[in-house]
Amino acid sequence: MKHLSGLDATFLHLETPEMPMHVGSLNVLDLPKGYAGDFYEDAKKFMASRIHLADVFTRKLALMPFDMTNPVWVEDNDIDLDYHVRHITLPKPGTNRQLQQYVARLHSSLIDRSRPMWEFYIIDGLKSGQVALYTKVHHAGIDGQAGVEVGKAIFDLEPTGRVVKPPRSRPRGNSYQLGMAELATAALRNTAQQYVKLFKMAPAIARAISGIARPDEKAAEKDAAAAPKKFNLFAPRTSLNVSITNQRTFAGRTISLAETKYIAKHFGVSLNDVVLATVSGALRHYLADNNELPAKPLVAGVPVSLREAGDDTANNQASMILVSLASDITDPVQRLKAINASSTSSKSTMNRFKAVILDDFPTFAAPWLVSGIASMVGRSGIVNLLPPAANVAISNVAGAPFPMYFAGALVTCYYPVSIASHGTALNVTVQSYNGRMDYGLIACRRAVPDITEIGDYMLAEHKLLMELTQKHPAVAGAAPAPVPPRTVAEPSDEAETEAETEAKPAAAARKKPAARKKAPVKVAAKKAAAKAPVKAAAKVAAKAPAKTAARKAASKAPARKAAPAKRSSSASPRAAAA
């Protein structure tokens, strides 16, 4: 048996029917060319050969007597794959929106605690001819980074897969659960160990608290300079900060990873700052639509990993910081810089505590007490009265930078599906994958019925930040950022299926009034050469040396509009993709 840490168990104790505490992902798969088999059966056989590679697939909970302390993980010798791997066919026409709505409904139901706490769904019937894989695993077993490690067990780098050594045979036990005496003894032993660990760490914790109370003067000055000028103890109240129901709505959007890195490098901020700014701009528009944008800045709760490099343990090792989204600032660039300042200050404070933050702590008599309080808080409506600590949860997980395959099918996207909670009805989680930034937006359907609007506003905000890199000079002293390749192709076929169109950010952005339809690459290049405005000249010359590009632009455009050679080589990051 293996004891759950205090942090792992907290996700169990806080779970209620209105607030399921599992995480998952939605992957759309391209079947092998000429495939004519039954992918569900193939996927089930595939999982049967892989589940021993990750503990999360083969362990279940053993509850303690009277729920006096945290449960333990025990091996399950009777795993029913027909239960864990399921098959769903979407009704016609099988659009991408139908797929996302079905995933939202699947994500709203609790996982059976008497079995290993995971479920996989193979979903076909898509208009595009693709199939989808929706997975969900209880958060008590993994955090975001541990989920990436679990993905390594089930995904391959080649369509032919890899040879997996079968598990060693083990003696099969006769008991379905452990005995009461055995569990009680283990509970008392683990509780004692937790108190000893807490006692040993007490001096380090005291030093960390003292350091916050009396910080180093230089560090204090640095934090004061970096901290945003407007940051309140509590976040402003919005329609996102209410008690939630078990109904969910979900939307997935994709943004180019290369373009996101380009924006970050150009303005001298982190990639995560650009993610926060993209969501901030989207929420500004969304709330302003209903005249409810607060005067005070919105605040994001941002998970921070405490995991050491190389640690692939399937558990939770994370904490959370609060970052101002600077939503009270109109200018997108100034907003981005304010977010960077707030994020830097919060991370600096977290780093002082990081070494002494406990992910395992005594929880004697806590399970039934915490569960009761969580249920009462959710159903009493008190969350609707108290000021929120954060308006939205935003998480960024680094995924695989290369293509992956599941049961021989190519994984085309990796949309995270996370947790909406009481007081924070919207969760935005992004995972990088193979040159993409896949955003998964999950929310309480009653609090955020129009989540697709937020997703579309995110695409528009990203496009705006890209355009502003051409109007604002790069940070002083920074090397010129390379022109990023376009990692998500724009559809040019008007007859493209709705499922394909909705899955691509450029197509979604095209629905906005500010967007304009682009011609195919070669045609656009010829038109640009003929008309020769500055930006078009830069696009035509993107693949040529900088001096050649400038010479062409100068010869075909009026002299007063000619751009310097250096600028023309990087003036249009989007053009290089073409």
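The structure displayed is predicted, hence computed values, not measured ones.
Between Tyr134 and Val417 the shortest heavy-atom distance is CE1-CG2, 4.4 Å. Nearest heavy atoms, His22 versus Leu110: CE1-CA, 4.4 Å. Between Ala300 and Ala390 the shortest heavy-atom distance is C-CB, 4.1 Å. Scanning both residues, Leu106 and Lys136, for their nearest heavy atoms gives O-NZ, 2.9 Å. In terms of heavy atoms, Tyr433 sits closest to Pro403 at OH-CA, 3.4 Å. When all heavy atoms of Ser346 and Leu322 are compared, the closest pair comes out as OG-O, 2.7 Å.
Leu4 places a side-chain heavy atom less than 4.5 Å from the side chain of Leu61. When side chains are defined from C-beta on, His139 counts as touching Ile419, because their heavy atoms get closer than 4.5 Å. The side-chain heavy atoms of Phe402 and Leu157, taken from C-beta on, include a pair separated by under 4.5 Å. Between Thr238 and Leu298 there is a side-chain heavy-atom pair separated by less than 4.5 Å. No side-chain heavy atom of Phe46 sits under 4.5 Å from any side-chain heavy atom of Asp42. Here the side chains of Val56 and Pro116 are not in contact, with every heavy-atom distance at 4.5 Å or above. Residues Val274 and Phe267 are not in side-chain contact: their nearest non-hydrogen atoms beyond the backbone lie 4.5 Å or more apart. Between Thr245 and Arg445, the closest side-chain pair of non-hydrogen atoms is not below 4.5 Å.
In this structure, the side chain of Asp438 engages the main chain of Tyr414 through a donor-acceptor pair within 3.5 Å. Using a distance-only test at 3.5 Å, with no hydrogens or angles considered, a donor-acceptor pair links the side chain of Arg335 to the main chain of Ile329. In terms of modelled atom types and a separation under 3.5 Å, the side chain of Arg253 and the main chain of Tyr457 share no donor-acceptor contact. Looking at Arg436, its side chain never comes within 3.5 Å of a backbone N or O of Cys413 through a donor-acceptor pair. Checked by atom type and distance alone, the side chain of Arg97 never pairs as donor or acceptor with a backbone atom of Gly94 at under 3.5 Å. Panel note: side chain Asp328, backbone Lys296; no donor-acceptor pair is recorded below 3.5 Å. Judged by distance alone, the side chain of Arg50 and the main-chain N or O of Ala153 form a donor-acceptor pair under 3.5 Å. The main-chain N or O of Ser114 is found under 3.5 Å from a side-chain atom of Asp112 such that the two form a donor-acceptor pair. Put simply, the side chain of Asp273 gets close to the backbone of Ser270: a donor and an acceptor are under 3.5 Å apart. Using a distance-only test at 3.5 Å, with no hydrogens or angles considered, a donor-acceptor pair links the side chain of Ser280 to the main chain of Leu325.
When the options Val430, Leu271, Asn434 are evaluated for a side chain to side chain contact (heavy atoms under 4.5 Å, CB included) with Leu257, the one that passes is Leu271. Here the options are Val411, Val131, Leu99, the test is side chain to side chain contact (heavy atoms under 4.5 Å, CB included), and the partner is Val28; only Leu99 passes.
Seen from the ring of Tyr102, Arg105 counts as a face-on cation partner, given the 6.0 Å and 45° thresholds.
The pair Lys44-Asp82 meets the salt-bridge criterion, since a charged nitrogen lies less than 4.0 angstrom from a carboxylate oxygen. The pair Glu259-Lys463 does not count as a salt bridge, with every side-chain nitrogen at least 4.0 angstrom from each carboxylate oxygen. Salt bridge absent: Asp331 and Lys337 never bring a charged side-chain N and a carboxylate O closer than 4.0 Å.
A donor and an acceptor atom, one from each side chain of Asp30 and Gln130, are located under 3.5 Å apart. A donor-acceptor contact closer than 3.5 angstrom is absent between the side chains of Glu18 and His422. If you check the side chains of Ser343 and Asn340, you find no donor sitting under 3.5 Å from an acceptor. For the 3.5 Å distance criterion, the side chains of Tyr286 and Asp456 fail to qualify, holding no donor opposite an acceptor. No hydrogens or angles considered: nothing links the side chains of His87 and Tyr121 as a donor-acceptor pair under 3.5 Å. For the residue pair Thr89 and Asp124, a side-chain donor N or O sits within less than 3.5 Å of a side-chain acceptor on the partner.
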Hey, mind stepping through Asn427 and Thr429 against side-chain contact (heavy atoms from CB on, under 4.5 Å) and telling me if it holds?
-> CA-CA 6 Å; Asn427 181 302; Thr429 302; 2.7 Å; yes

Start with the C-alpha gap between Met117 and Val137, add the side-chain angles, then the distance that decides, and say whether side-chain contact (heavy atoms from CB on, under 4.5 Å) holds.
-> CA-CA 6 Å; Met117 302 181 72; Val137 182; 5.9 Å; no

Intermediate values then yes/no, side-chain contact (heavy atoms from CB on, under 4.5 Å), His138 and Glu15 = CA-CA 10 Å; His138 203 282; Glu15 185 172 63; 3.1 Å; yes

Determine, stepwise, if the pair Ile451 / Leu426 fulfils side-chain contact (heavy atoms from CB on, under 4.5 Å).
-> CA-CA 9 Å; Ile451 196 169; Leu426 172 65; 4.1 Å; yes

Trace of the side-chain hydrogen bond (donor to acceptor under 3.5 Å, both in side chains) decision for Ser239 with Glu292 | CA-CA 8 Å; Ser239 59; Glu292 58 172 316; 3.1 Å; yes

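With values rounded to the nearest 0.5 angstrom, Tyr415 atom OH is found 3.0 Å from Thr254 atom OG1. We find the CG-OG distance between Leu133 and Ser25 to be 6.5 Å, quoted to the nearest 0.5 Å. Between the CG atom of Leu287 and the CD1 atom of Ile454 there is a distance of 7.5 Å, given to the nearest 0.5 Å. Note that CG of Leu276 and OG of Ser324 are 10.0 Å apart. Values are rounded to the nearest 0.5 Å. In this structure, CG on Asn396 lies 5.0 Å from CG on Asn272, to the nearest 0.5 angstrom. A distance of 8.0 Å separates NE2 of His472 from NE2 of His266, quoted to the nearest 0.5 Å.
Within a 6.0 Å sphere centred on CZ of Arg284, other residues, nucleotides and ligands contribute more than 12 heavy atoms.
Taking the six-membered ring for Trp and thresholds of 30 and 60 degrees, Phe57 and Trp118 have ring planes more than 60 degrees apart, a perpendicular arrangement. Between Phe155 and Phe406, the ring planes are perpendicular. Angles over 60° get that label, and only those under 30° would be called parallel.
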